[in-house]
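Structure record follows, encoded as structure tokens.
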Amino acid sequence: MHTNEIIETINLENPELYINRDLSLLEFNKRVLAQAKNEAVPLLERLNYLCISCSNLDEFFEVRVASVMEMVAIDPKAIGPDGLTANEQLEQISIYAHKLVEEQYQVLNEILIPSLNAENIRFVRRNDWTEAQHKWLANYFNDELLPILTPVGLDSAHPFPRILNKSLNFIISLTGKDAFGRNSGRAILQAPRALPRVIQLPIEETQSGPADFVFLSSIIHAFVSELFNGMVVKGCYQFRVTRNSDFFVDDDAIDDLLLAVEGELAMRNYGDEVRLEIDAACPDDTVNFLLERFELSRDRLFLVDGPVNLNRIQEINNLVDRPDLKFTPFKPSVPQQLARNKDIFAAIKRHDILLHQPFESFSPVVDFLRQAAASPEVLAIKQTLYRTGADSPIVAALIRAARAGKEVTVVIELRARFDEKANIDLASKLQEAAVHVVYGVVGYKTHAKMCLVLRREGKILRNYVHLGTGNYHPKTAQIYTDYGLFSCNKELGEDVRRVFAQLTSLGKVTKLNKLLQSPFTLHTGILEKIEREITHAKNGKPAKIIIQINAIVEEQSIQALYRASQAGVEVKLIVRGICCLRPGIPGVSDNIEVRAIIGRFLEHARIYAFSNDGNQEVYASSADLMNRNMFRRVEICFPIESKRLYRRILHNLDLYLQDNTQAWLLQPDGSYLQLLNVSNEEPVQAQLMILNELQAS
């Protein structure tokens with residue numbers, strides 16, 4: 001049998017060729033947690049990585065586990081591409097998540113707390129409080145906590161209270177009777193979210209060290225009896241409930257998307273329970289009482305040795321002034337063509353400009369809009385906003401432009417998960433300034449990152465565009481790696497104008513010159529480019545694909561990459577998070593390498609590069625290879641046509657492919673091998689090298 005015949009007999013839909021997306025996401029979180037153990041990372045940053053792994057896990061339960069639980073209720077026999085039913089997924093998730101949580105608390109208690117202690121950054125336990133500390137904390141409890149804490153005794157007149165999503169709570173066991181002769185034996189205390197979860201002890205008043213802290217939960221445990229006068233507190237145990245936070249808006253039954261999102265947002269804190277975290281010291285009868293109350297099985301229970309919400313320890317980073325225990329600060333560079341030319345439109349007109357955040361500054365994007373707002377030649381500005389802030393300089397520039405009489409249109413995606421409230425406030429703020437605000441297309445999230453400025457230059461109307469892989473958010477631009485392109489290419493500008501026309505008006509799909517766009521041409525466009533590499537390989541020509549992305553889930557794309565590997569195409573994938581493709585399977589993915597980079601900055605850029613028999617093509621995009629990005633969102637994928645610029649991107653990709661310090665290689669079984677532990681070569685750290693190169697240029 002010939003090789004081609006063998007290839008054709010392999011069923012590329014075989015479930016054994018696919019990794020479960022949720023287990024892959026948990027593997028990503030494991031890689032984040034590994035940074036908390038990495039001694040090459042500054043100590044306070046290691047604590048930060050621990051907190052990030054915890055907040056990631058929160059969102060995982062709020063969204064992904066909640067989704068799988070809904071699948072169990074709707075169709076328990078449904079099977080995913082990986083061959084697992086929804087119930088089997090939940091079983092696997094439970095095993096993996098429990099191991100991950102156990103490791104998180106081991107890292108905190110056995111590694112980070114002792115290391116912090118050695119640096120005189122201490123979490124002082126109740127048993128170790130000095131007399132002066134105890135006195136100050138008692139006063140703190142009476143003055144700051146007692147007036148706002150509201151314990152609820154459980155009886156027929158006081159039913160179990162509604163527990164907010166991810167809030168800190170205590171269940172308290174009591175004996176004795178109160179003034180009315182009541183005692184059900186239990187009470188619930190909810191800690192208001194406004195309270196800090198770690199309290200710094202003042203040096204002068206407590207004779208403490210310069211960075212001594214006490215957990216809020218420790219203070220409440222120590223003085224909880226003050227809330228129950230005349231009764232005896234037998235036990236006080238912290239707990240936290242995670243709820244389904246992915247809300248549903250029926251696109252076919254709404255008249256006003258803004259009102260619909262506002263209505264659902266109000267219910268987010270009270271969705272169905274998906275996880276229960278309890279202090280490991282809590283007695284079984286109390287644990288069972290809480291499980292029954294929240295109607296959760298024991299596989300949704302997590303008994304923890306420490307604060308139930310590790311995310312809030314992140315406050316320590318801001319409270320401790322120890323630069324030696326944090327990443328070295330740096331000043332992002334500005335491209336020379338912009339540093340030399342204060343007129344950003346003149347600089348763009350000379351040639352396209354590429355920005356690479358956070359190594360390069362986000363300020364040129366703000367300057368682009370500020371100059372557009374102030375320029376008499378500018379007639380109109382159109383902008384998409386997915387995640388930003390109401391106090392953003394981007395928003396301020398748009399408001400100034402509208403007040404200056406320019407036509408300003410903003411497409412706001414109200415359903416950017418966990419930013420819905422901010423985006424609703426943002427929409428109101430812009431509308432008050434007479435900005436035209438639309439919410440995109442019902443049924444499709446607008447995830448594209450693009451800005452268009454229409455400028456009259458003599459007798460010519462010229463479109464200037466900024467297209468990006470990341471959000472217009474100055475703060476995330478300091479920690480997320482993303483590319484942005486400035487251009488006044490006529491065809492590209494016309495494409496962007498047409499996409500905005502789709503979003504703000506009605507009409508058929510129009511043919512685009514250069515852009516690929518979801519949900520219309522992006523998916524087919526990427527598949528066609530993969531097939532073209534396959535054809536080159538079959539014709540004996542060199543063929544190579546490099547994709548840098550956040551997630552690969554979509555089956556047709558995975559199968560196309562498998563076919564490319566079978567044909568002899570060299571496939572290099574740099575996937576930060578979820579990867580459902582299995583590399584290194586004989587006869588299927590021998591020619592595919594998948595690596596993840598976990599470093600100081602969050603890898604967020606999406607790049608698609610095809611060697612194309614020497615006619616190199618490089619695209620940047622807002623879209624990952626996921627079903628939602630390909631079919632249920634408005635996304636754009638834009639070409640980097642300047643040789644100078646795409647060679648720079650290819651150089652960066654090559655550095656990522658050489659990285660042996662922050663890189664992890666995906667194995668055929670779905671696990672990851674950290675190259676730091678196995679490579680004997682000269683250390684290569686891609687993020688640091690890119691930063692140094694741009695600082696020196």
Side-chain angles (χ1 to χ4, degrees), residues 47 50-51 54 105 108-109 112-113 116-117 120-153 161 163-164 166-174 186-241 277-283 286 290 303-320:
L47 181 65
L50 171 66
C51 297
C54 295
Y105 283 89
L108 174 69
N109 294 319
L112 293 181
I113 286 180
L116 289 165
N117 212 29
N120 291 318
I121 301 170
R122 301 193 307 151
F123 297 105
V124 187
R125 299 182 180 276
R126 273 180 292 157
N127 293 340
D128 298 326
W129 292 352
T130 65
E131 186 177 338
Q133 289 170 340
H134 191 281
K135 181 180 178 181
W136 185 88
L137 288 166
N139 290 333
Y140 180 87
F141 178 85
N142 287 318
D143 296 342
E144 302 292 333
L145 304 184
L146 190 62
I148 59 174
L149 294 177
T150 308
V152 176
I163 302 297
L164 278 170
K166 297 186 298 183
S167 60
L168 173 62
N169 305 274
F170 298 85
I171 185 164
I172 300 146
S173 302
L174 301 163
R186 289 194 177 103
I188 298 293
L189 176 64
Q190 302 185 60
R193 289 192 162 175
L195 294 175
R197 293 309 191 250
V198 286
I199 290 86
Q200 188 164 8
L201 292 167
I203 300 172
E204 302 82 6
E205 298 179 56
T206 62
Q207 290 83 55
S208 298
D212 280 359
F213 298 90
V214 176
F215 291 122
L216 174 68
S217 54
S218 293
I219 301 174
I220 290 176
H221 276 126
F223 303 108
V224 68
S225 59
E226 300 294 323
L227 299 168
F228 301 95
N229 187 35
M231 303 186 75
V232 177
V233 174
K234 293 176 62 181
C236 176
Y237 311 99
Q238 53 183 317
F239 71 92
R240 188 171 77 132
V241 177
E277 298 164 273
I278 309 179
D279 183 343
C282 189
T286 305
L290 289 172
L303 297 173
V304 301
D305 182 17
V308 292
N309 186 352
L310 293 183
N311 310 343
R312 297 291 290 271
I313 303 178
Q314 210 161 16
E315 298 170 33
I316 296 293
N317 228 313
N318 297 323
L319 294 171
V320 176

Parallel, tilted or perpendicular for Phe123 and Phe213, by the 30°/60° rule? tilted
Closest non-hydrogen contact found for Arg240 with Val308 is NE-O, 3.3 Å
Can Leu108 and Asp305 be said to form a side chain to side chain contact (heavy atoms under 4.5 Å, CB included), step by step? CA-CA 10 Å; Leu108 174 69; Asp305 182 17; over 6 Å; no
Spacing of NZ belonging to Lys234 relative to CZ belonging to Arg186, to within rounding of 0.5 Å: 10.0 Å
Intermediate values then yes/no, side chain to side chain contact (heavy atoms under 4.5 Å, CB included), Val198 and Arg312: CA-CA 8 Å; Val198 286; Arg312 297 291 290 271; over 6 Å; no
Per the side chain to side chain contact (heavy atoms under 4.5 Å, CB included) rule, which among Ile220, Leu145, Leu149, Thr150 passes with Leu227? Leu149
Leu195 versus Ile148: any side-chain heavy-atom pair under 4.5 Å? yes
Aromatic contact, Phe141 with His134 (centres under 6.0 Å): no
Can you name the nearest heavy-atom pair linking Pro161 to Ile188, along with the distance? CG-CG2, 3.9 Å
Taking the side chain as every heavy atom from C-beta outward, state whether Cys282 and Phe239 have any atom pair closer than 4.5 Å. no
Look at the side chain of Tyr237 and the backbone N and O of Ala280, then say whether any donor-acceptor pair between them is shorter than 3.5 Å. no
Of all heavy-atom pairs linking Ala187 and Leu174, the shortest is CB-CD1, 4.0 Å
Taking it one step at a time, do Arg125 and Ile113 satisfy side chain to side chain contact (heavy atoms under 4.5 Å, CB included)? CA-CA 11 Å; Arg125 299 182 180 276; Ile113 286 180; 4.3 Å; yes
Distance (rounded to the nearest 0.5 Å) between Leu310 CG and Glu277 CD: 8.0 Å
Please list, chain by chain and in numerical order, all residues satisfying side chain to side chain contact (heavy atoms under 4.5 Å, CB included) with Asn139, sequence neighbours excluded. Lys135, Asp143
How close do Leu168 and Gln238 get, heavy atom to heavy atom, and via which atoms? CD1-OE1, 3.7 Å
Residue pair Arg122, Asp128: steps toward the side chain to side chain contact (heavy atoms under 4.5 Å, CB included) verdict: CA-CA 11 Å; Arg122 301 193 307 151; Asp128 298 326; over 6 Å; no
Ile203 versus Pro210: any side-chain heavy-atom pair under 4.5 Å? yes
Ring centres under 6.0 Å, that's the criterion: do Phe170 and His221 meet it? yes
How far apart are the closest heavy atoms of Arg197 and Ala191, and which atoms are they? NH2-O, 3.6 Å
Could you tell me whether the side chain of Gln314 and the main chain of Leu47 form a donor-acceptor pair under 3.5 Å? no
CG/Leu164 to CG/Asn169 distance, rounded to the nearest 0.5 angstrom? 8.0 Å
Nearest-0.5 Å distance that lies between atom CD1 in Ile171 and atom OG1 in Thr286: 5.5 Å
What's the spacing between Leu137 CG and Ile199 CD1 if we round to 0.5 Å? 8.0 Å
Would you give the length of the straight line joining atom CD of Gln207 to atom CG of Asp212, rounded to the nearest 0.5 angstrom? 11.5 Å
Of all the heavy-atom pairs spanning Trp129 and Ser218, show the shortest one and how long it is. CH2-O, 3.9 Å
